[in-house]
Amino acid sequence: LCLMSGEIIAMSDVMSMIFEPMDLLVASPATVSRCGMVYMEPEQLGWQCILDSWLEKFSDEHHVAEGEEGRLAFYLTKADRDLIAVLFEWLAEPCMAFLRRELTEMAPSVDAQLMTGVMSLMEVLLSDGLNGDFGFGESADAKSVKLRRQHIECSYMFGLIWSACKTGVEASQERFSEYLRKVMSLGQDYIKMKHPGVMNALAVRKWTPPDFDKGIFSGRLNLPLPNDGSIYDVCYIPADGKWKTWVEILPKFKIEDKTSYSSIVVPTAFTSQMSHLIRLMIPHNKPVLICGPTGTGKSVIAFQAIAKQLPQ
């Protein structure tokens, strides 16, 4: 193996290496002739296989009793998995088509990447909401079963908003907030009437709206998003079973004596968003990508969340 630095690493006969490049733009004929190449465009692969794999991972068919080795934080019943599949079928493709057709992103992304982000956020929220087999099994009461369903629906919405709907620039996010609310309330008719280009993109993607008559999901959330403000103004807290504004979850703020001026960060809704998402994702080994203009305090807020708010 010859590195760019000129260093040569000898490889034995039993060693093999797999590289996953972003593209093959600079691959020379010599490189291709010496290596076996498999190239698959993300658009051709899609994200459905990733969702299927994720649902299978948490299937109750692999349920392990509490206290036993190999137990996961939560498990999903057949009804849970059907519900999640319909939720993705309901809004994922309309959001992706709108993003690709009409909006501008802060950093380029692919659909599979964004859908993986939705699943990651769902996973960390459900690890809290469904922990300890909450609402699981024949012994669960009706109230627990209903709250379990609410946790799944709201975790999906929060994941969708803070993954697929959050990559756009500020103007794009404002449009996305209005679009998502309209699609949730008016459905496919709104897209046909106001966004024919998005409808054409959905036809190319071979999207069909879910059949709500099957009884899996009615098209209405058990706990809808608050009507006031933007979709980005609230977060779902499984422990409380409520949507709360970012200001509501801010901790009490007090500046300690002799604190240096440069280290003081006054909590706002913006700092609450960043800190909360970091505290959610990092303990579960989920990556966090923070995008934004220079000089807005990203590094300082991230450092405080990791160094001072998380267990060390």
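All values below come from the heavy atoms of this structure, side chains included, with hydrogens, waters and symmetry mates left out.
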Subject >> Nearest heavy-atom neighbours spanning Leu99 and Glu105 >> reply: CD2-OE2, 3.6 Å
Original post:
Hey, does Glu123 have a side-chain heavy atom less than 4.5 Å from the side chain of Phe58?
Top reply: yes
**OP:** Begin with the C-alpha distance, continue with both residues' side-chain angles, and end with the deciding distance and a verdict on side chain to side chain donor-acceptor pair (under 3.5 Å) for Asp233 and Ser230.
**Re:** CA-CA 5 Å; Asp233 291 343; Ser230 165; 4.6 Å; no
Original post:
Where is the tightest heavy-atom contact between Leu250 and Thr268, given as atom of each residue plus distance?
Top reply: CD2-O, 3.6 Å
Subject >> Pairs meeting criterion side-chain hydrogen bond (donor to acceptor under 3.5 Å, both in side chains) with involvement of residues 148-157, two or more places apart >> reply: Asp80-Arg148, Arg149-Glu153, Gln150-Tyr236, His151-Tyr236
Original post:
Can you list the steps and then say if Met184 with Trp90 is a side-chain contact (heavy atoms from CB on, under 4.5 Å)?
Top reply: CA-CA 9 Å; Met184 290 173 64; Trp90 178 36; 4.1 Å; yes
Subject >> Full working for salt bridge (Lys or Arg N to Asp or Glu O under 4.0 Å) between Lys214 and Asp82 >> reply: CA-CA 11 Å; Lys214 290 183 178 180; Asp82 289 344; over 6 Å; no
Original post:
Can you check whether Lys242's main-chain N or O pairs, donor with acceptor, with Asp240's side chain at less than 3.5 Å?
Top reply: no
Original post:
Side chains of Leu91 and Met157: does their closest heavy-atom pair fall under 4.5 Å?
Top reply: yes
Subject >> NZ/Lys182: more than 12 non-hydrogen atoms of other groups inside 6.0 Å >> reply: no
Original post:
Does Gln312 reach the main-chain N or O of Ala307 with its side chain, forming a donor-acceptor pair under 3.5 Å?
Top reply: yes
Original post:
Distance-only, no hydrogens or angles: does the Tyr179 side chain make a donor-acceptor pair with backbone N or O of Pro94 under 3.5 Å?
Top reply: yes
Original post:
Within a radius of less than 6.0 Å around CZ of Phe270, do more than 12 heavy atoms belonging to other residues, nucleotides or ligands occur?
Top reply: yes
Original post:
What is the minimum heavy-atom distance between Met281 and Leu121, and which atoms define it?
Top reply: SD-CD2, 3.5 Å
Original post:
Does Glu178 reach the main-chain N or O of Arg175 with its side chain, forming a donor-acceptor pair under 3.5 Å?
Top reply: no
Subject >> Thr77 side chain reached by Arg81 side chain, heavy atoms, under 4.5 Å >> reply: no
Subject >> CA sep, side-chain torsions, deciding dist, call: Ile290, Ile278, side-chain contact (heavy atoms from CB on, under 4.5 Å) >> reply: CA-CA 10 Å; Ile290 304 172; Ile278 290 172; 4.0 Å; yes
**OP:** Just say parallel, tilted or perpendicular for the rings of Phe217 and Phe212, cut-offs at 30° and 60°.
**Re:** perpendicular
Original post:
When you look at Gln113 and Thr116, which way does the side chain to side chain donor-acceptor pair (under 3.5 Å) test go after all the steps?
Top reply: CA-CA 5 Å; Gln113 168 194 356; Thr116 301; over 6 Å; no
Original post:
Between the main-chain N or O of Ser144 and the side-chain N or O of Asp141, is there a donor-acceptor pair closer than 3.5 Å?
Top reply: yes
**OP:** With side-chain contact (heavy atoms from CB on, under 4.5 Å) as the test, would you mind laying out the steps for Leu310 and Arg279 before giving the verdict?
**Re:** CA-CA 7 Å; Leu310 287 175; Arg279 293 195 304 268; 4.1 Å; yes
Subject >> Atom of Ile84, atom of Trp54 and distance for their closest heavy-atom approach >> reply: CD1-CZ3, 4.1 Å
**OP:** Just jot down the ring pair (Phe, Tyr, Trp, His ring centres under 6.0 Å) partners of Phe176, sequence neighbours excluded, or say none.
**Re:** Phe98
Original post:
Do you see a donor-acceptor pair shorter than 3.5 Å between the side chains of Glu56 and Ser59?
Top reply: no
Subject >> Lys298, NZ atom: more than 12 neighbouring heavy atoms under 6.0 Å >> reply: yes
Subject >> Those residues that, when tested against Trp246, pass ring pair (Phe, Tyr, Trp, His ring centres under 6.0 Å) (two or more places apart) >> reply: Trp162, His276
Original post:
If we ignore angles and hydrogens, is there a donor and acceptor under 3.5 Å between the side chains of Glu93 and Trp47?
Top reply: yes
**OP:** Kindly determine whether Leu180 and Cys165 satisfy side-chain contact (heavy atoms from CB on, under 4.5 Å), including the steps that lead there.
**Re:** CA-CA 9 Å; Leu180 183 59; Cys165 302; 4.2 Å; yes
